[in-house]
Structures are given as C-alpha cells and as structure tokens.
**Student:** 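Below you will find the structure I want to go over with you.
Letters A, B, ... mirror the listed sequences (proteins, then strands); counts begin at 1.
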Protein chains: 2
Amino acid sequence: MLTPGQPLYQAKAEFFRTLGHPARIRILELLCERDHAVHELLAEIEIEPSNLSQQLGVLRRAGLVLQQREAGEVRYAVALPEVRTLLLSARELLSTLIDDQAGLRAQLQG
Amino acid sequence: MLTPGQPLYQAKAEFFRTLGHPARIRILELLCERDHAVHELLAEIEIEPSNLSQQLGVLRRAGLVLQQREAGEVRYAVALPEVRTLLLSARELLSTLIDDQAGLRAQLQG
DNA sequence: TATAGACATGAAGAAGTCTTCAAGTTGTGA
DNA sequence: TCACAACTTGAAGACTTCTTCATGTCTATA
C-alpha cells in the first residue's frame with residue numbers, strides 16, 4: 001500500500017493492481033465526473049453494498065479517493081486530479097490497442 | 001484478453017491488471033527506452049529465465065509488446081508508443097500520491 | 001547430424017484476490 | 001430512547017495469479 005522504502009516499480013505494480021478491477025474502474029470514472037454518495041454509486045454500479053464498500057476501501061487505502069460524511073450520507077471524491085489524466089491516457093492506449101487487434105483480425109480473415 | 005463485446009470497463013480492468021506486476025513494469029520501462037533481446041532483459045531484471053518468459057508471454061498476449069527473431073536471439077519491443085505516455089502519466093500520479101502521503105505522515109508526527 | 005545456446009510452454013503447489021455473509025458502527029428522525 | 005437507514009468490517013470459501021520445475025522447440029555451428 002505504497003509503503004516508503006520499497007523499489008519504485010513495486011509501488012507502480014501495486015498501484016496498477018489497484019486499478020485492476022471493473023468495479024473500481026467504474027467508481028473512479030464516476031468520481032472523475034463529480035463526487036458521489038455511496039448510495040448514488042450503488043445505483044450506477046451493479047454490485048452488492050458490502051462489495052462496493054470493500055472496493056471503496058481498497059481505493060481509499062491506496063489514497064486515490066477521499067471519504068466525507070455529509071447529511072446522513074457518505075460522499076466520495078477523487079483525491080488527485082491526476083487520476084483523470086491517467087484514465088484518459090489509458091482509454092487512449094486501449095482504443096489504439098483494440099483498433100490494432102481489429103485490424104489484425106480483419107487481415108487474418110480476409 | 002481484450003475480447004470484443006465485453007463491457008469497456010472490464011477491458012480496462014484487465015489491461016491494468018496486465019501492468020500490475022513488478023517484472024512486467026520493469027520490462028515495459030526498459031522496452032520504452034529501446035528494444036531488448038531476452039538475455040538483455042534477463043541481465044537487468046532479477047528473475048528466473050522461465051519466469052521472464054512467462055511475463056513476456058503475458059505482455060505479448062495483451063498486445064503490448066512485439067517479438068522478433070534476429071541473429072539467434074529474440075528481441076522485444078513495445079507495440080504502441082502510447083505505452084510510454086501511460087507510464088509517464090502513472091509516474092506523475094504516483095509521485096503526487098507519495099508526496100501527499102509523506103505530507104500526511106509529517107502532519108501526524110509533528 | 002549432433003550439440004549447445006536461447007527461449008517458450010505446461011503443470012502444479014503456494015500465495016494472493018474476490019465475493020458474500022453475518023455482524024457492527026454511526027448518525028437521524030419518530 | 002428506539003428503530004431505521006446508510007455504510008463498514010472481518011472472516012471464509014471460491015477463484016486467480018505467481019513462481020518454479022521439467023521438458024520442448026528452434027537456430028546456429030561444429
């Protein structure tokens with residue numbers, strides 16, 4: 001969990017593993033748009049409440065999101081604006097990757 | 001492994017999991033500098049040969065690196081320039097994250 | 001063609017991650 | 001104060017991923 005003194009590439013790997021879950025990706029994407037209460041996230045993501053809490057816990061412990069009580073609900077927000085940049089850059093890479101693979105498939109089939 | 005038809009956030013999660021291993025991160029970082037033969041990677045990364053091959057296999061199947069035989073050795077290269085951008089953007093985020101956490105620790109301790 | 005070097009692969013036990021369940025906490029309104 | 005809503009937590013079995021071992025392939029060279 002980003003403990004100091006460990007080699008940097010270890011921390012990087014750990015960080016990417018934190019992003020390596022569909023629910024956590026969705027949460028971050030939603031939080032990049034605006035902050036959300038837990039019940040709002042629950043309405044958007046198909047997942048059990050306790051599972052959502054677990055995933056929020058993972059993101060919280062990684063330092064990627066912040067929690068805040070407000071008027072009987074718990075609101076979450078991304079902790080750093082850099083998260084948005086990273087997700088965009090991943091989307092970029094992924095769409096090139098998918099296009100390339102579609103191209104390859106087309107080439108193989110025709 | 002980036003199969004078409006699955007929801008996008010699933011593909012994203014899978015993609016990040018591919019990056020979620022210290023050896024694979026190191027491989028990609030080295031390949032972002034220049035392409036390397038397997039034995040060159042082996043000299044840089046502390047890992048058993050068969051393990052390195054396994055990790056290269058993961059990256060290859062994900063479409064992130066390309067393999068090429070040449071003069072009795074196998075050379076690897078990153079498949080897309082976008083990989084470099086993404087790694088930089090992750091480094092950016094991670095260093096902010098680490099600074100923030102160091103700040104928090106300092107605040108808590110003194 | 002035999003041998004060696006450079007890699008890749010399949011399989012299996014160890015280790016880590018997910019999902020769910022049951023139970024716990026924290027505010028809020030009756 | 002009681003009860004409820006909104007979340008969180010710990011634990012446990014199911015499921016994945018890692019690492020390593022033994023073996024296999026490919027190429028170049030003697």
**Student:** Can you tell me how far P of C/dA8 sits from CG of B/Leu56, to the nearest Å?
**Tutor:** 6 Å
**Student:** Is there side-chain contact between A/Glu29 and B/Lys12, with at least one heavy-atom pair below 4.5 Å?
**Tutor:**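 A/Glu29 vs B/Lys12: side chains touch.
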**Student:** Output a table of nitrogen or oxygen pairs between the protein and nucleotides 13-17 of chain C separated by less than 3.5 Å.
**Tutor:**
| unit_1 | atom_1 | unit_2 | atom_2 | d |
| --- | --- | --- | --- | --- |
| C/dT17 | OP1 | A/Arg17 | NH1 | 3.0 |

**Student:** Expressed as a whole number of angstroms, how long is the span from B/Leu19:CG to D/dC18:C1'?
**Tutor:**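 Checked: the CG to C1' distance equals 17 Å.
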**Student:** Would you say the side chain of B/Arg24 lies within less than 4.5 Å of the side chain of B/Leu19, judging by non-hydrogen atoms?
**Tutor:**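 Contact flag for B/Leu19/B/Arg24 side chains = no.
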**Student:** Would you confirm whether A/Arg17, through its side chain, and B/Gly20, through its main-chain N or O, come within 3.5 Å as a donor-acceptor pair?
**Tutor:** yes
**Student:** Does any residue of residues 28-46 of chain A have a heavy atom under 4.0 Å from DNA chain C, and if so, which ones, in number order?
**Tutor:**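 Those residues: none at all.
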**Student:** Could you check if a side-chain atom of A/Leu52 sits within less than 4.5 angstrom of a side-chain atom of A/Ile27, using non-hydrogen atoms only?
**Tutor:** yes
**Student:** Are side-chain heavy atoms of B/Leu59 and B/Tyr76 found at a separation under 4.5 Å?
**Tutor:** no
**Student:** Table please: side-chain donor-acceptor pairs of residues 84-92 of chain B below 3.5 Å, with sequence neighbours left out.
**Tutor:**
none

**Student:** Checking all strands, does B/Arg60 fall into the base, sugar-phosphate, or nothing category for heavy-atom contacts under 4.0 angstrom?
**Tutor:**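 Sugar-phosphate, no base atom in range.
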**Student:** Taking the nucleotide of DNA chain C with the nearest heavy atom to each, does B/Gln67 or A/Ala23 sit closer to the 5' end?
**Tutor:**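 Of the two residues, B/Gln67 wins.
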**Student:** Please list each protein N or O that sits under 3.5 Å from an N or O in nucleotides 20-30 of chain C, with the distance.
**Tutor:**
| unit_1 | atom_1 | unit_2 | atom_2 | d |
| --- | --- | --- | --- | --- |
| C/dT20 | O4 | A/Gln54 | NE2 | 3.2 |
| C/dC21 | N4 | A/Ser50 | OG | 3.3 |

**Student:** Ignoring backbone atoms, test whether B/Tyr76 places a side-chain nitrogen or oxygen under 4.0 Å from the OP1 or OP2 oxygen of C/dA8.
**Tutor:** yes
**Student:** Would you mind reading off the distance between B/Phe16 atom CZ and D/dT17 atom C1', rounded to a whole angstrom?
**Tutor:**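 So the CZ-C1' distance, B/Phe16 to D/dT17, works out to 19 Å.
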**Student:** So if you build clusters from Ile, Leu, Val, Met, Phe, Trp, Tyr with side-chain heavy-atom gaps below 4.5 Å, do B/Leu80 and B/Leu66 land together?
**Tutor:**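 No, because B/Leu80 and B/Leu66 fall into different hydrophobic clusters, even though each may have its own neighbours under 4.5 Å.
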**Student:** What about A/Leu64 and A/Leu30, same hydrophobic cluster or not, with Ile/Leu/Val/Met/Phe/Trp/Tyr joined at side-chain heavy-atom distances under 4.5 Å?
**Tutor:** yes
**Student:** Return no unless some side-chain N or O of A/Gln55 is found under 4.0 Å from OP1 or OP2 of C/dT19.
**Tutor:** yes
**Student:** Would you mind reading off the distance between B/Glu73 atom CD and C/dC7 atom P, rounded to a whole angstrom?
**Tutor:**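 About 6 Å, once rounded to whole Å.
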**Student:** Nearest whole angstrom, please: distance from the C1' of D/dC7 to the CZ of A/Arg75.
**Tutor:**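 Rounded to whole Å, this separation is 14 Å.
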**Student:** Whole-Å distance between D/dT17 P and B/Leu59 CG?
**Tutor:** 14 Å
**Student:** Check side-chain hydrogen bond (donor to acceptor under 3.5 Å, both in side chains) between B/Ser95 and all other residues, then give those that pass, not counting sequence neighbours.
**Tutor:**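 Not a single residue meets the side-chain hydrogen bond (donor to acceptor under 3.5 Å, both in side chains) criterion with B/Ser95.
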**Student:** For the hydrophobic clusters of this structure (ILVMFWY residues joined by side-chain heavy atoms under 4.5 Å, transitively), does one cluster hold both B/Val38 and B/Ile25?
**Tutor:** yes
**Student:** When the side chains of residues 41-50 of chain B are checked against the rest of the protein, which donor-acceptor pairs come out under 3.5 Å, sequence neighbours left out?
**Tutor:**
none

